[in-house]
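Proteins get letters first, then strands, A, B, ... in listed order; numbering begins at 1 in each. Since we're looking at a predicted model, the values are computed, not measured.
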Amino acid sequence: MPTPVLSPEAFQRRLLAWFDRHGRHDLPWQEERSPYRVWVSEIMLQQTQVATVIPYFERFMTRFPDVATLAEADQDDVLHLWTGLGYYARGRNLHKAAREIVERHAGELPLDLEALSALPGIGRSTAGAIIAQSSGRRAVILDGNVKRSLARLHAVEGWPGRTAVSRSLWALAEHYTPEERLVDYTQAMMDFGATLCRRGQPDCMACPFADVCVAHRRGEERRFPESKPRKALPTRTTRMLLLQDPEGRVLLEQRPSSGLWGGLWGLPQFDDIASLEAWLDSHAPDAELGRAWSPFIHVFSHFRLEITPQLAHCRGASAVDESRCWYDPGNPASIGLAAPVKSLLMALSPFSLEPPAS
DNA sequence: AAACCGGGGGC
DNA sequence: GCCCCAGGTTT
């Protein structure tokens with residue numbers, strides 16, 4: 001664990017003094033603090049800011065006032081009230097967990113870490129928040145706001161997604177967590193990160209920890225927590241078949257409507273030369289392989305595609321259906337083409353003799 | 001355009 | 001057990 005900047009008692013004293021004056025004390029789930037209300041609010045807050053969540057929370061509680069009502073509801077009803085919040089998997093998990101709570105826990109949220117985190121959609125931090133907020137028992141939280149605050153306060157190096165960094169932050173969170181006033185303490189930690197130790201503009205002038213914050217003393221508060229390392233783009237490889245008929249037309253296929261190049265027209269694509277040849281055997285038995293052009297790279301936001309164009313020639317035009325057509329490079333039809341396919345076809349046109357540059 | 005986020009899931 | 005991703009929004 002990084003060296004704590006304060007004793008737990010000093011940390012709690014400063015934080016709670018700040019919270020009493022500047023924290024949020026009138027959120028809907030702060031009145032009538034049942035485990036159920038805290039749970040639903042925590043799930044909603046995982047994905048959305050407080051101001052947006054409030055009306056959704058109110059509607060949800062009116063329609064599903066308790067675990068049993070939620071468990072009995074149709075999933076569609078639940079997702080209907082979730083509409084606009086996004087991340088529907090979490091709405092589905094909430095519903096599924098309600099049914100498990102009815103079946104396995106007699107309709108009451110189990111207030112221990114292990115049983116809570118076994119429920120779908122509830123992990124270590126959310127389980128801690130539910131326990132602390134609804135029972136006042138000691139439990140540790142580490143959501144995004146807390147991670148950011150602790151990382152700055154101690155200048156914890158590295159991206160919190162890394163196991164070692166996460167372990168350090170959990171250890172610090174554990175170190176500072178008090179035995180008393182857990183409801184206020186956990187709310188204070190979340191509020192502190194959300195409203196003062198913000199990601200973009202931390203309000204260090206108003207911060208009760210400015211004198212001990214390592215990042216602030218170094219003038220580097222914006223550097224923590226470190227962001228996810230930009231990974232070098234992975235490279236995938238593919239072969240694109242340029243099958244030409246005697247008139248020089250090229251066979252195109254329409255791609256599936258979703259996914260990469262969804263709905264656009266492209267060349268038949270294969271992972272390797274063997275599957276390309278197998279495809280030719282069944283679709284154009286008279287075709288003869290021509291030469292392969294040198295590979296070139298097409299860059300996407302999340303990967304690089306190394307494309308090896310493979311020429312082939314056939315005598316007659318083989319079967320064409322709704323998702324196949326013969327494309328004349330000298331007289332191009334107006335159809336949507338994937339960018340690298342377009343440059344390949346232009347390279348085939350009578351006015352160009354060379355494959356595209358890489 | 002990129003960062004963000006707790007949990008789930010793949011390996 | 002480690003790492004990556006989904007899925008919308010915020011910056």
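Between A:R162 and C:dC2, a side-chain N or O to OP1/OP2 separation shorter than 4.0 Å is absent. In this structure, A:T163 reaches the C:dC3 phosphate: one of its side-chain N or O atoms is under 4.0 Å from OP1 or OP2. Remark: A:T52 is not in phosphate contact with C:dT9, judged by side-chain N or O atoms under 4.0 Å from OP1 or OP2.
Residues in residues 107-157 of chain A take part in these ring-ring contact (aromatic ring centres under 6.0 Å, His included) pairs, two or more places apart or across chains: A:H154-A:Y176.
Straight-line distance from the CH2 atom of A:W39 to the P atom of B:dG6: 18 Å, rounded to whole Å. A:N93 has its CG atom 16 Å from the P atom of C:dA6, to the nearest Å. Between the CG atom of A:N145 and the C1' atom of B:dA3 there is a distance of 14 Å, rounded to whole Å. One can place NZ of A:K147 at 7 Å from P of B:dC5, the figure rounded to the nearest angstrom. In this structure, the CD atom of A:E100 is 14 Å from the C1' atom of B:dG8, given to the nearest Å. Straight-line distance from the CG atom of A:L45 to the C1' atom of B:dC4: 15 Å, rounded to whole Å. With rounding to whole Å, A:M190 atom CE is found 14 Å from B:dC5 atom P. For the pair A:I43 CD1 and C:dG7 C1', the computed distance is 15 Å after rounding to whole Å.
Nearest to the side-chain atoms of A:S227 among the listed nucleotides B:dC4, C:dC2, B:dG7 stands B:dC4. Checking C:dG7, C:dC2, C:dG8 against the side-chain heavy atoms of A:R90 singles out C:dG7 as nearest. Residue A:Y88 has its side chain nearest to C:dG8 when only B:dG7, C:dG8, B:dC5 are considered. Taking only side-chain atoms of A:R199, from C-beta outward, the nucleotide of C:dC3, C:dT11, C:dG8 with the closest atom is C:dT11. Nearest nucleotide to the side chain of A:Q49, out of C:dT11, C:dC5, B:dG6: C:dT11.
Checking each of A:L280, A:L251, A:L267 against A:L241 for a side chain to side chain contact (heavy atoms under 4.5 Å, CB included) leaves exactly one that passes, namely A:L280.
Nearest heavy atom pair, residue A:P160 against residue A:S166, reads O-CB, 3.5 Å. A:I141 and A:G128 make their closest contact through CG2-C, 3.7 Å (heavy atoms, listed as atom of the first residue, atom of the second, distance).
Scanning for salt bridge (Lys or Arg N to Asp or Glu O under 4.0 Å) contacts around A:R104 gives A:E100, with sequence neighbours left out.
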Using Watson-Crick and G-U wobble pairs whose two distances are both under 3.5 Å, how do you write the pairing of DNA chain B as dot-bracket, with | for links to another strand?
|||||.|||||

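Both A:T48 and A:G161 lie near DNA chain C, and the one whose nearest nucleotide falls closer to the 5' end is A:G161. Both A:P120 and A:Y87 lie near DNA chain B, and the one whose nearest nucleotide falls closer to the 5' end is A:Y87.
Across all strands shown, A:R198 has no heavy atoms under 4.0 Å from either base or sugar-phosphate atoms. Using a 4.0 Å heavy-atom criterion, one finds that A:I122 contacts the sugar-phosphate atoms exclusively. Looking at heavy-atom distances under 4.0 Å, A:G200 makes no contact with the nucleic acid at all.
Taking atom P on both C:dG1 and B:dG6, the two are 23 Å apart, rounded to the nearest angstrom.
Between A:W279 and A:H283, the two ring planes are parallel [angle under 30°; tilted spans 30° to 60°].
Taking the six-membered ring for Trp and the full ring otherwise, A:F11 and A:F209 have centroids separated by under 6.0 Å.
With a 6.0 Å cutoff to the six-membered ring centre and a 45° limit on the axis angle, A:R13 does not count as a cation-pi contact of A:W18.
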